[in-house]
Every structure is written in structure tokens, then in C-alpha cells.
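Okay, so here's the structure we're looking at.
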Amino acid sequence: MKHILPLLSLALLIWFPAKGWAQHTLKEAFADDFLVGAAIDYGELRDTSAVLHELIRNEFSAIVCENSMKADHTEPREGIFNFSGGDAVVDYAERNGQVVTGHCLVWHSQCPSWMFGPDSTGRPVDREMLIRRMRNHIYGVCGHYRGKVKGWDVVNEAIESDGSWRKSEYYRILGDEFIALAFQFAHEADPDAELYYNDYGMESPRKREAVVRLIRNLKARGLSIDAVGMQSHLSLWTNLDEYERSIEAFAAEGVKVMATELDVSVLPWPGSVNPELVEGQNADISTNFEYHERYNPYRDGLPDDVLAQQADFYRHLFAIYRRHADVITRVTFWGVHDGTSWLNNFPIRGRTNYPLLFDRNLQRKPFVDEIIRDAAAPSQQ
Ligand code: XIL
């Protein structure tokens, strides 16, 4: 009997913390650090799985629309707005007590073609016409979501990986001034909303420098920018030292930083012989390669060693977020679980990718408990 008590308490000691971490959710674990978000949309809203909705409610404190607040959805024809998708997501998040952010106002992709087309009299678009359309679009969308959305990705992806301006239609017609105009209109339409610049590939040093110039330029014009959104479409081969340098560089400009579209691909980027070079890797949604078996190596399941690599990568990444928790306000995943991630169809359609924290059966990957346990320990500077 006298041996049983110490043994019992030892068993309890081992058992309780182990169970305790599993009971914590992501949003609880990081409640003092930053919001933890997920992109959802009509797919999730239509899904009748109680398990899915419980997961979204319990694990995430922030929500963003994966597609429904983009210009092709909100203003499919000039002056004809459609907020049905976005409103449904906002209602859902409100019922769950989650913070909503808006994505996105000005972007070269998923932008309706009328934006750059001739007007109803056949007059081709010019500077003045485009400014008017941009203003009407931003006023319409920001005005509608005023008070419901905490902040907006005002401009998405205006800079190339080499630091040059993306030669989008906005840029061709207005030059880089379109960015300042977009920030000005967004502020006029909703003075209480936070305003963000959002882009992928932020670990690239030249892109980092260009974003720093962009922040300075906006501030020099008297415009406010609250945060930089690092989309964070990463892969196992992303250089996290460079990524962390970008967080530091943006924070040094006096803005907050957010990971806005986080996922960690485990699949090879097509065309790059050595995946560690991640040549040409990007998140430009117009990129499209032909399917080939060799680019889809884990169709039947993720091997343990790759899962272990992903665990290390995510733990390292969250250690970085925690180190910079004073400037990081939100970490949002681009999707809820691997089964519905956009990366199953980008940049090649029909692959089986594993980029998120929840697997196809809506189960937490085993390393999530480790991330949560790490969150309770003092951060390593
Ligand atoms: C993606 C969505 O996930 C897809 O459903 C859609 O077909 C294309 O766009 N950068 C962004 C996001 O800013 O809006 C993109 O989302 C992914 C890359």
C-alpha cells in the first residue's frame, strides 16, 4: 500500500499535463499573444459537420473570408454590389465571438474585368475613370462592413519578389500612386478600420526592402498604415531566418505585423530540381503547372519523416511569432484543414498536400500539442 500512493501521484503528474495540453485550444494558448485565425467561406458554412464547426469555434479567435470579400464577388458588375457571401461569414463569426478582417480591396487577381474595361459609352478606361471606380468600390465595400470588420487588406501583392512594382493594370494606369489612393479611400470610408498592406514571399530581402519603402512613402504622405500582412504561404524549405528579419524590419517602421494566410506546403515546387532552392516559388494565383505524378509524392499519406520535418518547421515558426508577440497581432491560417486547403490545387491541380495543423479527418496533428506546450513556457529571446 505504501508504494501505491507515490506511484499514483507520479502517474497523475505524468497524465495531467499530457491531457492538459491537449485540452487547450490554439486560441486559448495564444490569447495573451495574438489572435489565431482561419480563412473560411461558403464551403465551410454549407458543411453540416458539427465537428468542423466546433473546431472552428474552439480553436480560432479570428476569421477572414477566403474569397467572398474579393472584388469579383463584392462588385461583379460596376455599381452592383453583392455582399451575400461576406455577410454570411460575418454573421457566423459574430455568433462565435470571433474577430473579422477584410480581404481584400485592391488586387490584380480576382478583380472583375469591368474595372479596366471601357465605360458604357465605349470610352476606354483612363486615370480619372479608374480612380473613380476604385473609390466607388472601396467606399461601397468598406462602407458596408463598417463596424463589422476590424481591418482591411487594402492593397494585396503590389510588389514582385525582386522588389520592383508589379506591372498590374492598376500600376500601368496609375503608377504606384494607386496604393496611396487606396489607403486614402479606405480611411475615408471607414476611419475606424485598421489598414494593412498584404503580400506573399516577404522573406525575400528585396521584397522586404520594397515594403519598408512603401510604408515610409505612405507615412510621408500623411497616410496611416497599421500593419503589414505577411501572407506566409511557406514551404518546408522557406528560410525562416530571412522571414524573421522581415518581421523585425517591418516592426522597426512602427507598424504591427500579421501572418495573414499561413500554410506550410510539404510538396515540391515544380521545376525546381533542388527544393531547398525554392526557385520561383510564389503564391501568385495565376501560376499553373501541368500535373505529373512526381510532383504528387504523398497521395496515399504523409510519411512520418516528412511529418516530423513539418513539426520542426511549425515549432520554429511559432517560436518566432512568440519572440515578436509585442508586434504580432494575428496569425491566420489559410483554411481549416488539409482536405480543403487551396494548396491541393495550387500551383498544380489535383495534388494531395498537408499544409495546415488539422488533418483530413479534422484531427489535430500530433505536434499541435507541442506548439501549445511551448506557448506556456517562457519565450527564448
Ligand atoms: C486563393 C483562394 O484560397 C482560392 O480559393 C482561390 O481560388 C484563389 O485565391 N493569396 C491571396 C489569397 O491573397 O486571396 C489567395 O486565395 C491565395 C494567395
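Whatever order the structure lists ligands and atoms in, that order sets their numbers, starting from 1. All values below come from the heavy atoms of this structure, side chains included, with hydrogens, waters and symmetry mates left out. Quick caveat, the model's predicted, so the values are computed rather than measured.
Heavy-atom proximity to His103, at under 4.0 Å, picks out these atoms of ligand 1: 11 (C), 12 (C), 13 (O), 14 (O). Ligand 1 places these atoms under 4.0 Å from at least one heavy atom of Ala283: 18 (C).
Of all protein heavy atoms, the one lying nearest to atom 3 (O) of ligand 1 is Glu66 OE2, 2.5 Å. Among protein heavy atoms, the minimum distance from atom 11 (C) of ligand 1 is reached at Glu261 OE1, 3.0 Å. Regarding atom 8 (C) of ligand 1, its nearest protein heavy-atom neighbour is Gln110 OE1, 3.5 Å.
Judged purely by distance below 3.5 Å, without hydrogens or angles, the side chains of Asn96 and Gln98 pair a donor atom with an acceptor atom. Side-chain atoms of His73 and Gln110 form no donor-acceptor pair, as typed in the model, at a separation below 3.5 Å. Side-chain polar atoms of Glu194 and Tyr196 form a donor-acceptor pair below 3.5 angstrom.
At a 4.0 Å heavy-atom cut-off, ligand 1 does not touch Tyr200 at all. Proximity of Phe346 to ligand 1, defined as any heavy-atom pair under 4.0 Å, is not found for any part of the residue.
Side-chain rings of Tyr321 and Phe30 stay apart, their centers remaining 6.0 Å or farther from each other.
At a 3.5 angstrom cut-off on N or O pairs, Asn67 counts as close to ligand 1. No N or O atom of Trp107 sits closer than 3.5 Å to an N or O atom of ligand 1.
A cation-pi arrangement, defined by a distance under 6.0 Å to the six-membered ring centre and an angle within 45 degrees of its axis, is present between Lys207 and Tyr200. With Tyr354 as the aromatic partner, Arg360 meets the cation-pi criteria of under 6.0 angstrom to the ring centre and within 45 degrees of the ring axis. Judged by the 6.0 Å and 45° rule, Lys148 forms no cation-pi pair with Tyr145.
Nearest-heavy-atom check against atom 1 (C) of ligand 1 across Lys70, Gln231, His233 picks out Lys70.
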